[in-house]
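To start, the structure itself, in structure tokens.
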Amino acid sequence: MEFDFRAIEQKWRKQWEDNGIYRVTEDTTKPKYYVLDMFPYPSGAGLHVGHPLGYVASDIYARYKRLKGFNVLHPMGFDAFGLPAEQYAIETGTPPQVTTDKAIATYKEQLGKIGFSYDWSREVKTCDPSYYKWTQWIFLQLFGSWYNREKDKAENIDTLIARFAHSGTDGFAQFDKEDHAPFTAAEWKGFSEEEQQHILMHYRLAYQSYSEVNWCEALGTVLANDEVKDGKSERGGYPVERRKMRQWFLRITEYSDRLLRGLDTLDWSEAMKDMQRNWIGRSEGAIIQFNLTQTLSKGEGLNTNTTNAGKPGFYHTDPLSWNANIDKAKQHRLDPTEAEEIVWQRLRGSATGHKIRRQHLIGSYIPDFVCIIKRLVIEIDGPIHDDQVEADQERTDELKQHGFEVIRFKNEAVFADIDAVVNAIKIKLDSLPDVSYDGTISEEVSEDALAPSPLERAGGEVAVFTTRPDTIFGATFMVIAPEHELVASLTTPAQQKEVDDYITYVKSRSDIERQQEKRVTGAFTGSYALNPFNGARIPIYLAEYVLAGYGTGAIMAVPADDERDRKFAEKFGLPVVEVIDKSMYPGATIEDKVGKMINSDFLNGMEVKDAIKAMLEKVEELGIGKRQVNYRQRDAGYSRQRYWGEPFPIVYKGDLPYPLPVSELPVVLPDVTSYKPSGDGRSPLANATEWVTTPQGQRETDTMPGYAGSSWYFLRYMDPKNPDAFAAKEKIDYWQNVDLYLGGSEHAVGHLLYSRMWHKFLHDLGYVPTEEPFQKLVNQGMIQGVSKYVYRLIPQNGKPIYISYSLVKRIQLPPLGMGILDFQSVNFLLPLLQPVLSQEHYLGFIGEIWIDKVKTDISFTDNDTLNIDQFKQWRTEYNDGIFILDDDRFTCEPIVEKMSKSKYNVVNPDVVIEKYGADCFRMFEMFLGPLDQSKPWDDQGIGGVEKFLRKFWRLFYDDKGGYRVSDEAATDAEYKVLHKTLKKLSEDIERLAFNTCVSQFMICTNELIDLKCTKRAILEPLVIALAPFAPFISEELWASLGHSDSVHKAVFPKVEEKYLVESSFTYPISINGKVRANLPFALDLSEADVKAAVLANEIVLKWTEGKEPKKFIFVKGRIVNVVI
RNA sequence: GCGGGCGUGGCGAAAUUGGCAGACGCACUAGACUUAGGAUCUAGCGCCGCAAGGCAUGGGGGUUCAAGUCCCUCCGCCCGCACCA
């Protein structure tokens, strides 16, 4: 009988299906094992050979586990909602359902040919209402839950409502005044339904909030991030703007810490875990409040701060004096003398035509009244305030130093004739010139130029987030995000224009531009903050390198130790103060957190790590900040303004969203006449007015994102048809979670993070027993394509000349493009060209010439050899080309790149299977190399696997088709071959090294052929071992051995170690580490005996020349090394 | 820039714990059988060398009796993240 894989595959595929041999039930007598492939999205293009790589691997593993006695769940289904089908619907009007069903049919057809052991009775599709009913149900659970941080788990929102009704926000640590105002239990009960719902929305795990989307006016739709290129829509290149819209979110950030900690319990690659860790981006630090400088009125004090000398300012004192006197000044204002009060009422504001302030700090003094611009101090002499002991003359001298003139009036004068006093003051003021902040006399100085920002006037503060509180003494400026909510109130009138211009500039730029920008940009707000530790007055800037969404959106900049801060300081001429001495740690960077603190007051001399701790304690002690853990991860957007997704089970009553009762699930996606967007930012569903309008209210028209259905599908496989629950509890308890999950690394931070969150959420609610959904994760590598390129030279006056790559390799071609061939190349090529070219043409070849290479479809090539006729027919432009062959063959250059249609290098598994069979295809996919490595698909090697299968078949049937398996007893040598193979296979399958398994099958087969072994005792176990890899041929040969049951129900043969024990070993004998001889010794021989024999050996003697070796290394069963 | 991975013949690769580098397969070369060969079988196949032997796992250095494997350093490629304070 000949090996006819087509007949065999067809026969068994049908039998397996008829008998349902891959059907699996919850069999409690066996241990369970769950092997899962990542949910495929069925694209219209079908599978290429890269897709099934992981499927083959997981199928082999699943089959192996079955043979080892496990009850294996190994299902398959489809992530069927998605953009491509919707896009196709917009373009052609074909309903996405139709497109998707067709694509799924193609996928199943292709998968079916490969011989997978999926239990298709468990297939699920996310777009099936009986499936998405439960996606909607889980959403309702999320909506109806909040995260209780005290218990560190999600629970029903009712417990939160009860808490509010009992004690309001009192003692509720989770309450954040940014979200809503505090309230008492009584207030809560008094709130309207709407007020209550708004408050609860800040706690629900599925909630609504406003966020920016990519709005494209021209297309009338919201675009996904990858539909936007360079700030324009990918389709049509229309402008895209950021627009705020109310959207659904999942509060995944509540799970950040658990998602992070959970990674430690998982058997995933470090790369994968790191990607998730990075994405979550936990950082520990502190939020620290910085006061703003100005808490009195504007123009106060003298600018004596040297670091800011010459800059616009209105702080006319120094930090120490400020701190010492500010409270006194405030007190004086509240408690003026009678005379002062009379004068103030006549001078206040600009009653005299000049701006007058009272009790205003200048240097270390607090004059009664001052006009800053005129540099005039007006004193009313009465009984001196008790706490103000200085003599008048001293004060006058000090003020003169600051450029101020002093005029004095007695209390009596004020009481006697206030008009005269005011008039005298007015005349004096009018006579004085305006003086600008830096002391120069100027006509143009206006009060506005010196005016503080609203927040400074209000005495506000700005919070920064820092992971390095130890460096605060080096903080010489502050930077806030351009989107920071305090920008307007931090901007002084004088800086208004600069700030506005900067914000306009920032808004004009896309996120990507902002990320790629390396230039330092920023703008000064005009405001200053006070460093709480050294009192330094530090300017506040805006810069786009600070992100609004991270931390507080504000940083204290430490230019000495932060690269970006340093660049910014350089650009804006800001001071740099070193705070860490890293001299004893050469090459250390700030991230290393090493060094000794300097210029840092009480931290001086401490190691960085201690300083961080000390500072955190100090900050909390002073009550100016607190420890804070920050996450980079944001809450997950859960709204899509699309048609082809799960509808939300939500209706609006007025403006408030309400969940539909579970009894109304599923909310079925309605048929629509047009898939075009509504145009107003809502999804195409908005046009289905009949569907949208319900007795309970208007339906939500957004749909759920692609990850909704794929975040829990692995649970549905456990109980795919259950109409009463997403899966029955006893089935979940049996299957637990996925033991082995195989898929591409592209899902590292999307699917795999969302699924983990959903799983933890369902765990919190008691629906699943496990914390993590995927215990072991393996990423298969990509299969790349091998594109084939044809070299072409185009002379200026002639036809293009195509040159076989085998010839190109022998010459030095200039870079592609216009170029001139060097002398040797021309010499090499001319004899080849001569016979085919005219004289004129031939000469044109010597001058400047166009050199390029063009892709050919790989179907026109056999290995690297091109079928020139097919190539010419493909594109008319190749028709008149002249082809220079080498040895009657024209070869192409093979280049490894991504397998894709556009590169004409796609290999379709159907074609391979048609030619070689599914068994061969499966084994070759595995033979290519390690599962997790990317590797090019190269048909050339497949012949080796094909040959192996035929040789294996030959062990059973001779070349005339006669059956040759005998019942003769096997020899020890034959058993040794078998058990050596079984051992290697068991080990390698466990570590998913399927490539070496295939090698071992080849080695084993070759050895059995050498031994002329055709014995049942050897072949029968081998057939079982081969079954996971090549299920068809194994089943056929198993039947030929007389079995009526399936090989896939057999038991994996046990390794018999007794056939593997060796009595002797041929030692490699090395001299100084180089192998010079091989000598067999019995394994029970002692080292001394071996040593004597080795040293007496002729070859060894030649090297040692009879001398006693310096050292004799003997590793039993491994090696002998003689050191001389 | 940061994080992870990788670098071994003409090609895909193997070497699981430091112990004979290149198993297995492709391609290639020679031969056998054959009406024929894109079948099958035999032999060869890292590089230099007639040979003895020498040199070889991206480069350089180190540890060791012994290094593809461990350490340091540099280079290159791939993947992910990217102003995350």
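The sequence lines fix the lettering, A, B, ..., with proteins before strands; numbering per chain opens at 1.
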Original post:
Between B/A85 atom P and A/I555 atom CD1, what is the distance in whole Å?
Top reply: 10 Å

Original post:
If you measure from the P atom in B/A66 to the same atom in B/C6, how many Å do you get, rounded?
Top reply: 27 Å

Subject >> C1' gap between B/G54 and B/C50, integer Å >> reply: 15 Å

**OP:** Look at the side chain of A/P936 and decide which nucleotide, out of B/G19, B/U16, B/G12, has an atom nearest to it.
**Re:** B/G12

Original post:
Quick check: does any side chain N or O of A/R468 sit under 3.5 Å from a backbone N or O of A/I612, one acting as donor and the other as acceptor?
Top reply: no

Subject >> Carboxylate-amine/guanidinium contact A/E270 A/R277, below 4.0 Å >> reply: yes

Original post:
On a whole-Å scale, what distance lies between the C1' atoms belonging to B/C75 and B/A23?
Top reply: 30 Å

Original post:
Under 30°, 30 to 60°, or over 60°: which ring-plane class applies to A/F994 and A/F1029, parallel, tilted or perpendicular?
Top reply: perpendicular

Original post:
Looking at A/R1118, does any N or O in its side chain come under 4.0 Å of the phosphate oxygens OP1/OP2 on B/U17?
Top reply: no

Original post:
Taking O4'-C1'-N9-C4 for purines and O4'-C1'-N1-C2 for pyrimidines, is B/G9 syn (within 90° of 0) or anti?
Top reply: syn

Subject >> Same-atom distance (C1') from B/U29 to B/A14, integer angstrom >> reply: 24 Å

Original post:
Distance-only, no hydrogens or angles: does the A/S256 side chain make a donor-acceptor pair with backbone N or O of A/Y631 under 3.5 Å?
Top reply: no

**OP:** Under the side chain to side chain donor-acceptor pair (under 3.5 Å) rule, what do A/D988 and A/T996 come out as? Steps first, then yes or no, please.
**Re:** CA-CA 7 Å; A/D988 287 1; A/T996 49; 2.7 Å; yes

Original post:
More 5' along RNA chain B: A/M275 or A/N1072, using each one's nearest nucleotide?
Top reply: A/N1072

Original post:
Among the nucleotides B/C84, B/G4, B/G12, which one has an atom lying closest to any side-chain atom of A/Y550?
Top reply: B/C84

**OP:** Give a yes/no answer on whether the side chain of A/R632 brings an N or O atom under 4.0 Å of OP1 or OP2 in B/C81.
**Re:** no

Original post:
Does a side-chain heavy-atom distance below 4.5 Å link A/Y502 with A/P482?
Top reply: yes

Original post:
Hey, does A/I1113 reach any base, or is it just sugar-phosphate, or nothing, if we go heavy atoms under 4.0 Å?
Top reply: base

Original post:
When the P atoms of B/C33 and B/C24 are considered, how many whole Å apart are they?
Top reply: 27 Å

Original post:
Separation of A/D959 atom CG from B/U40 atom P, in whole Å?
Top reply: 12 Å

**OP:** Could you tell me whether the side chain of A/T525 and the main chain of A/I540 form a donor-acceptor pair under 3.5 Å?
**Re:** yes

Subject >> Closest to side chain of A/L547, choosing from B/A14, B/C20, B/A85 >> reply: B/A85

**OP:** Kindly indicate whether a cation-pi arrangement holds for A/R964 with A/W953, taking the cut-offs as under 6.0 Å to the six-membered ring centre and within 45° of the axis.
**Re:** no

Subject >> Each stem that RNA chain B is part of, given as range with range (3 or more consecutive Watson-Crick or G-U pairs, under 3.5 Å) >> reply: B:1-7 with B:75-81, B:10-12 with B:24-26, B:28-32 with B:40-44, B:46-48 with B:53-55, B:58-62 with B:70-74

Original post:
In whole Å, what separates the P atom of B/C26 from that of B/A13?
Top reply: 16 Å

Original post:
How far, in whole Å, is B/C20 from B/A15 if one measures between their P atoms?
Top reply: 13 Å

Original post:
Does OP1 or OP2 of B/C65 have a side-chain N or O of A/S1070 closer than 4.0 Å?
Top reply: no

Original post:
Which nucleotide in the set B/C20, B/C65, B/A85 lies at the smallest distance from any side-chain heavy atom of A/T466?
Top reply: B/A85

**OP:** Say whether A/T467 and A/S283, considering side chains only, have a donor N or O and an acceptor N or O under 3.5 Å apart.
**Re:** no

Original post:
Is it true that a side-chain atom of A/K984 and a backbone atom of A/Q1000 form a donor plus acceptor pair closer than 3.5 Å?
Top reply: no

Original post:
Taking all non-hydrogen atoms of both residues, which atom of A/P559 and which atom of A/G474 are closest, and how far apart?
Top reply: CD-O, 3.6 Å

Original post:
When you match A/S934 and A/K1111 each to their closest nucleotide on RNA chain B, which lands nearer the 5' end?
Top reply: A/S934

Subject >> Integer angstrom distance from the C1' of B/A21 to that of B/G9 >> reply: 11 Å

**OP:** Please check the phosphate of B/G53 (OP1 and OP2 only) for any side-chain N or O of A/R1076 closer than 4.0 Å.
**Re:** no

**OP:** Go through B/C65, B/C20, B/A85 for me and flag the one nearest to the A/N1078 side chain.
**Re:** B/C20

Each nucleotide N or O in nucleotides 22-27 of chain B that has a protein N or O under 3.5 Å away: list the pair and distance.
| residue | atom | partner | partner atom | Å |
| --- | --- | --- | --- | --- |
| B/A23 | N1 | A/S999 | OG | 3.3 |
| B/G25 | OP1 | A/N1006 | ND2 | 3.1 |
| B/C26 | OP1 | A/K947 | NZ | 3.0 |
| B/C26 | O3' | A/Q940 | O | 3.4 |
| B/C26 | O2' | A/Q940 | O | 3.3 |

